[in-house]
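Okay, structure first, notes after.
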Amino acid sequence: MFTETHLADLTHLDSLVDNPLSSIAAPYVEALNAQHYARYTIERYVNCVIHFGCWLNAEGVELQSINQALFHHYLHDLLLLSSNSVNSSDPIKMDRAALKHLLTFLPQQYSIITKSPIEAELERFTDYLLNICGMSPQTCVNRCQHVGAFLSHRFCSEAPVFAQISGADIDAFFQHMALRWRPASLKVAGASLRSYLRFCALQGEPTTVLSAFIPRIASWSPATLPKVLSDTQVDAFLKAFDCTYGVGMRDYAIARCLLDIGLRGHEVTYLKLDSVDWRNATLTISSNKSKRVQQLPLPVSTGQAIAQYLFKGRPLASSRILFVRHRAPFDQPLSVPAIRNAMNRAFTRCGLRNQFCNTHVLRSTTATRLQKAGASIKDIADLLRHQCLDTAKTYARVDLERLRAVALPWPGSCS
């Protein structure tokens, strides 16, 4: 009943006639309604899908040919048409969201291959990283982003063919990325490409020559001090959260997890209700980079923030995930970009947005505060779950007062 009534109120209902997506409209509405989207949002999403169907008719594209590359083509054309719009910074935001739901919905309802050739290749590469190399999901995502950028740079939307990749292609890719990437990011991208070449070697491809073309990027990490918040800035940051409503309580509890325990963003995403042991005051981390189950002490301030969110702010949900979405689709875990954006909004509210961004600065602040409180490098490495002490040694360079006490006098000086 909801679907028939909703479709009858659509603005562009007449456009469903001879539309290749007409058979999808009703189940698409039902799928969005099951995820508790607002009626107005569903109407706008369906209108976007109908407009996309009209574009398919004009381009002569059949339903079975829909894939990610086709979506990008459509959004590109739509962006050109709306380039003169002054009402929104992102005029196709609604269309992008509607097609994202459609891309998830189509394979479930119809036998349609919505993956482009490059996406299919990255899916095989992900399976190799997860099941052969045993890497964490987040590491797989990062490596696939770099490899996907290289394959798109070389083949655009065509099927990747290893025999067509040359050393000049690798040089051109890194020269292009060097214009906007820092050396540390280029170094990680090089590691991702080497991992992809090892995957290709398992498929019988000769990768020795191409591996030699991947540059060794010089990155001197001790060249700069880690960026951290001072005690005054930490206080201002924590006061930037409005804990009078659910979202503010959730974001404040997340900030406490990042700042008090030094969790990574993706570790916060996968926290569950069972992860908190209230009797023993411990927090169990199971989705980390090393894929090991580890227990961390739960500070009082962090426990109080989580308890306040659970009792007063968390919406009713069947999911066992600790931090869930407060907007449709409900009952879903909060994503890493959503956590990052929540922290950036807090930096903006307290006037620190021009100095800090992202969530890793909070993790660095945790390590620095521990180091200044007298904790050893080993203790810091254990809390941050660093497998190598050299990673945690960088925070020893932050305590300038102690460094001055052990510094040798300059030759020829009076001291």
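Owing to the predicted nature of the structure, the values given are computational and were not obtained by experimental measurement.
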Is the side chain of [X] donor-acceptor paired with the backbone N or O of [Y] at a distance under 3.5 Å, no angle test?
X: Asp331; Y: Ser318; result: yes
X: Thr365; Y: Leu229; result: yes
X: Thr126; Y: Leu122; result: yes
X: Arg363; Y: Leu384; result: yes
X: Asn344; Y: Asn358; result: yes
X: Arg349; Y: Ala240; result: yes
X: Arg180; Y: Ala178; result: no
X: Arg325; Y: Ala328; result: yes
X: Glu267; Y: Arg264; result: yes
X: Arg154; Y: Gln164; result: yes

Heavy-atom closest contact ([X] atom, [Y] atom, distance):
X: Phe150; Y: Ile165; answer: CZ-CG2, 3.8 Å
X: Leu383; Y: Ile261; answer: CG-O, 3.8 Å
X: Ala97; Y: Tyr45; answer: CB-OH, 3.4 Å
X: Tyr309; Y: Val324; answer: OH-N, 3.7 Å
X: Ala159; Y: Pro117; answer: CA-CB, 3.4 Å
X: Cys140; Y: Leu130; answer: SG-CD2, 3.5 Å

Which value, rounded to the nearest 0.5 Å, describes the distance between [X] atom [atom1] and [Y] atom [atom2]?
X: Leu151; Y: Glu119; atom1: CG; atom2: CD; value: 11.5 Å
X: Lys187; Y: Ser192; atom1: NZ; atom2: OG; value: 13.0 Å
X: Ser335; Y: Asn341; atom1: OG; atom2: CG; value: 8.0 Å
X: Gln304; Y: Ile306; atom1: CD; atom2: CD1; value: 11.0 Å
X: His36; Y: Ile42; atom1: NE2; atom2: CD1; value: 10.5 Å
X: Met177; Y: Ser185; atom1: CE; atom2: OG; value: 11.0 Å

For the residue pair [X] and [Y], does the interplanar ring angle fall in the parallel (under 30°), tilted (30 to 60°) or perpendicular (over 60°) class?
X: Trp181; Y: His146; value: perpendicular
X: His51; Y: Tyr74; value: tilted
X: Phe199; Y: Tyr128; value: tilted

Side chains of His326 and Tyr245 only: does a donor on one sit below 3.5 Å from an acceptor on the other?
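Distance-only check fails for His326 and Tyr245.
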Ser166 and Asp169: side chain donor to acceptor below 3.5 Å
yes
Any non-hydrogen side-chain atom of [X] less than 4.5 Å from a side-chain atom of [Y]?
X: Asp382; Y: Gln294; value: no
X: Arg369; Y: Leu259; value: yes
X: Leu210; Y: Phe162; value: yes
X: Ile254; Y: Met343; value: yes
X: Gln233; Y: Gln355; value: yes
X: Asp95; Y: Phe52; value: no
X: Val247; Y: Arg250; value: yes
X: Ile118; Y: Glu121; value: no

Can you confirm whether Leu316 is buried at CG, in the sense that more than 12 heavy atoms of other residues, nucleotides or ligands lie under 6.0 Å from that atom?
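No.
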Check this for me: Glu158, atom CD, are more than 12 non-hydrogen atoms of other residues, nucleotides or ligands nearer than 6.0 Å?
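Counting neighbours around CD of Glu158, 12 or fewer heavy atoms of other residues, nucleotides or ligands fall under 6.0 Å, so no.
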Using the rule given for side chain to side chain contact (heavy atoms under 4.5 Å, CB included), can you reason through Thr282 versus Leu298, listing the C-alpha separation, both sets of side-chain angles and the distance that settles it, and then say yes or no?
CA-CA 5 Å; Thr282 58; Leu298 182 66; 5.7 Å; no
Under the side chain to side chain contact (heavy atoms under 4.5 Å, CB included) rule, what do Leu238 and Tyr252 come out as? Steps first, then yes or no, please.
CA-CA 7 Å; Leu238 293 176; Tyr252 177 73; 4.2 Å; yes
Can you name the one residue among Thr284, Thr302, Ile285 that meets side-chain contact (heavy atoms from CB on, under 4.5 Å) with Leu296?
Ile285
Checking side chain to side chain contact (heavy atoms under 4.5 Å, CB included) for the pair Leu322/Ser275: CA distance, chi angles, key distance, verdict?
CA-CA 8 Å; Leu322 180 58; Ser275 301; over 6 Å; no
Derivation of the side chain to side chain contact (heavy atoms under 4.5 Å, CB included) call for His73 and Trp55:
CA-CA 11 Å; His73 184 196; Trp55 181 84; 3.8 Å; yes
